[in-house]
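First the structure, in the form of structure tokens, and then the observations on it.
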There are 2 protein chains.
Amino acid sequence: MSDCAQCVVRNRAICSGLSPEELLALGQKGRKQTVKRGQTLVWEGDDSLVVANVISGVLKLSVSTADGREQIVGIVFPSDFIGRPFGKESPYSVTALSDAEVCVFHRSTFDQFAREHPELQHKLLQRTLIELDEARQWMMLLGKKTAEERIATLLIRISERLSADGCTGPLLNLDEFELPMDRQQMADILGLTIETVSRQLTRIKSSGVIALPDRRRVVIHDRQALLDLAEAA
Amino acid sequence: MSDCAQCVVRNRAICSGLSPEELLALGQKGRKQTVKRGQTLVWEGDDSLVVANVISGVLKLSVSTADGREQIVGIVFPSDFIGRPFGKESPYSVTALSDAEVCVFHRSTFDQFAREHPELQHKLLQRTLIELDEARQWMMLLGKKTAEERIATLLIRISERLSADGCTGPLLNLDEFELPMDRQQMADILGLTIETVSRQLTRIKSSGVIALPDRRRVVIHDRQALLDLAEAA
DNA sequence: CGTTCAATTGACTCGGTTCAAACGCCGTGG
DNA sequence: CCACGGCGTTTGAACCGAGTCAATTGAACG
């Protein structure tokens, strides 16, 4: 049980819009849990037993082939919802990219609560529709974009998402941020190899559009040029 | 206004589960419309003015880059829902692959009706969650699968979907069906070119796993082998 | 038949992968 | 203080799967 009224994602998570009483009732069904970097919260193919709100940290959603190829199908930030409500098994794994805090519910408990609270269900629907739109944008990237366009698109998306959430940390603005993932994970998101990611980053850096002060940090010097490299959509 | 009680997708579309009175109320807000093959119902980036249920035919959802590359991000079959409820503009175009019949609603009218009918909203949520799962499976395909795996996966998926809907037409079973799209569209779904699609189809045909009696028809001779080629997930 | 247009096939190219080596940052211990 | 490893990343060189461009086939239709 958590004190939802104090929650840092209170106004952005799906719980926003619930009345104080509803919030209390929902809060009593959930509990706060910490997840260490690298730890997997849900496994692909396993029974979908929990859903959760992300309070802090960044997590990945991924699916794998039998022979071990992995594709990251989503990145989850604070205030985002994770898990597969109303479904028997999870179609993807959920793994922490950084240490994270999540607010977890038993899926069945959450499902029932959602069915009884149309406002919550509406919030969940809105969010799912947005995720679907984003997944489809990503399909365009994976199906038709070049390596350079993919890298540029990823940098733009991350910078936008981090700044929207105020997750960039102290002294940072929209144009300087920390990547929440390593090169291998960038490759798994973009459908590329680690070498191609590295080469393209170097290329874009050489052109002066971005700087890479260290392996995790990115500075966007010319956002418009980066947007042009990302080629629309 | 349509007579929903007679509708062929009555039991599979999101309208299933509505009471007779609700169904009547909803039916009065919608109208049946025919869409000719090749006609675009909604344009990417346009205001999202309509949503619809598909009654017959097959449609594609697609997004394009500024320089004309197109990626198909979804295929829509009878009983599926199309359009972007609760959103100002449509993130993709909707175009008929075959002549089709749809049951259209003004988006704002539908949105309001949905908000007032939690059961409908729940159906819509369920459906959106399934679409999201499918989109993510497709991201794996686009990001990590080889051309041959992509073709095999597409054939499996289409055969499953067509047979589930009983759309295969008379005298056809699960292992023989008509492709609802041409080679270019297959390429746009799979993130490949028309030549690669053609070559891989020929390869799989040569191995005896499938037959291609004519340009649109597919016969699966060895479903297990095709599943193996598709490489899981 | 001749026309048309989708599909196939062939030859060549190229972007991205693969495999391998070198770099550079950082923590450890001599 | 500096040598030594370890690890993530970068860089290099060769390779290959899919793309590109172009020619051919073949089914449908007037």
Side-chain angles (χ1 to χ4, degrees), chain A residues 37-38 60 65 67-72 97-98 140-155 178-207 210-219 229-231, chain B residues 37-38 60 65 67-72 97-98 141-155 178-207 210-219 229 231:
Chain A
R37 173 197 178 101
K60 69 172 180 181
T65 54
D67 62 346
R69 282 168 284 175
E70 171 177 310
Q71 175 68 40
I72 295 180
L97 293 177
S98 67
M140 152 57 79
L141 177 146
L142 293 169
K144 288 279 150 54
K145 287 193 180 184
T146 65
E148 187 177 54
E149 288 167 348
R150 295 184 198 204
I151 296 285
T153 305
L154 181 66
L155 295 180
E178 188 110 348
L179 290 169
M181 66 207 60
D182 63 24
R183 295 287 184 272
Q184 182 60 59
Q185 287 155 349
M186 292 178 71
D188 288 338
I189 291 169
L190 298 172
L192 298 170
T193 60
I194 186 171
E195 294 94 334
T196 302
V197 170
S198 178
R199 277 187 251 270
Q200 294 299 332
L201 280 172
T202 306
R203 264 173 59 92
I204 300 176
K205 182 180 70 174
S206 308
S207 74
I210 60 169
L212 303 168
D214 69 50
R215 48 176 65 170
R216 289 282 181 143
R217 193 159 295 280
V218 177
V219 183
L229 287 181
E231 173 73 24
Chain B
R37 173 198 179 99
K60 67 173 180 181
T65 55
D67 62 345
R69 282 169 284 175
E70 172 177 311
Q71 175 67 42
I72 296 180
L97 293 177
S98 66
L141 178 145
L142 293 170
K144 288 278 153 47
K145 287 193 179 181
T146 64
E148 187 178 52
E149 289 167 348
R150 295 183 197 202
I151 296 286
T153 305
L154 181 66
L155 294 180
E178 188 108 349
L179 290 169
M181 69 211 53
D182 63 25
R183 294 289 185 271
Q184 182 59 59
Q185 286 154 350
M186 292 178 72
D188 289 337
I189 291 169
L190 297 172
L192 298 169
T193 58
I194 187 172
E195 294 94 334
T196 302
V197 170
S198 179
R199 276 188 253 269
Q200 295 299 333
L201 279 172
T202 306
R203 264 173 60 92
I204 300 176
K205 182 180 70 175
S206 307
S207 74
I210 61 169
L212 303 167
D214 68 52
R215 49 175 64 170
R216 289 282 181 141
R217 193 158 296 279
V218 177
V219 182
L229 286 183
E231 172 72 26

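Lettering of chains follows the sequences in order, A, B, ..., and the numbering in each one begins at 1. Quick caveat, the model's predicted, so the values are computed rather than measured.
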Side chains of B:K145 and B:T153: donor-acceptor distance under 3.5 Å anywhere? yes
Using a 4.0 Å heavy-atom cut-off across all strands, classify A:L192 as base, sugar-phosphate, or nothing. sugar-phosphate
Using a cut-off of less than 4.0 Å, is there contact between a side-chain N or O of B:T202 and OP1 or OP2 of C:dT9? yes
Measure from CZ on B:R217 to C1' on D:dG26 and round the result to the nearest Å. 18 Å
Looking only at heavy atoms, which two atoms of B:L142 and A:G143 are closest? And how far apart? CD2-CA, 4.1 Å
Looking at C:dG16, does its base get a donor-acceptor pair with the side chain of A:R150 below 3.5 Å? no
So for atom CZ, which belongs to B:R216, do other residues, nucleotides or ligands contribute more than 12 heavy atoms lying within a distance under 6.0 Å? yes
Side-chain donor/acceptor of B:R199 to base of D:dT20, under 3.5 Å: yes
I want to confirm an ordering. Mapping A:R215 and A:K205 to their closest nucleotides on DNA chain D, which one lands closer to the 5' end? A:R215
Measure the shortest side-chain to side-chain distance between A:L179 and A:R217 over non-hydrogen atoms and say whether it is less than 4.5 angstrom. no
Please compare B:L201 and A:T146 by the position of their nearest nucleotide in DNA chain C and report the one closer to 5'. B:L201
Test A:M186 against A:L201 for side chain to side chain contact (heavy atoms under 4.5 Å, CB included), laying out the working first. CA-CA 11 Å; A:M186 292 178 71; A:L201 280 172; 4.1 Å; yes
In whole angstroms, how far is the C1' atom of C:dT18 from the CD atom of A:Q184? 13 Å
Rounded to the Å, how far apart are A:E195 CD and C:dA22 P? 16 Å
Looking across every strand, which nucleic acid part, if any, lies under 4.0 Å from A:R183 by heavy atom: base, sugar-phosphate, or nothing? sugar-phosphate
Write down the distance between CG (B:D214) and C1' (C:dA6), rounded to a whole number of angstrom. 12 Å
Rounded to the nearest Å, what distance is computed from the NZ atom of residue A:K145 to the C1' atom of nucleotide C:dG16? 18 Å
Measure from the side-chain heavy atoms of B:D182 and tell me the nearest of D:dA18, D:dT11, C:dA6. C:dA6
Out of C:dA7, C:dG16, C:dT9, minimum distance to the side chain of B:I194 belongs to C:dA7
How many Å lie between CG on A:L142 and C1' on C:dG16, as a whole number? 15 Å
How close or far is atom P of C:dG15 from atom CG of A:L190, stated in whole angstroms? 18 Å
Between B:T196 and D:dG19, is there a contact of a side-chain N or O with OP1 or OP2 at under 4.0 Å? yes
In whole Å, what is the span from the CD atom of A:E148 to the P atom of C:dG16? 9 Å
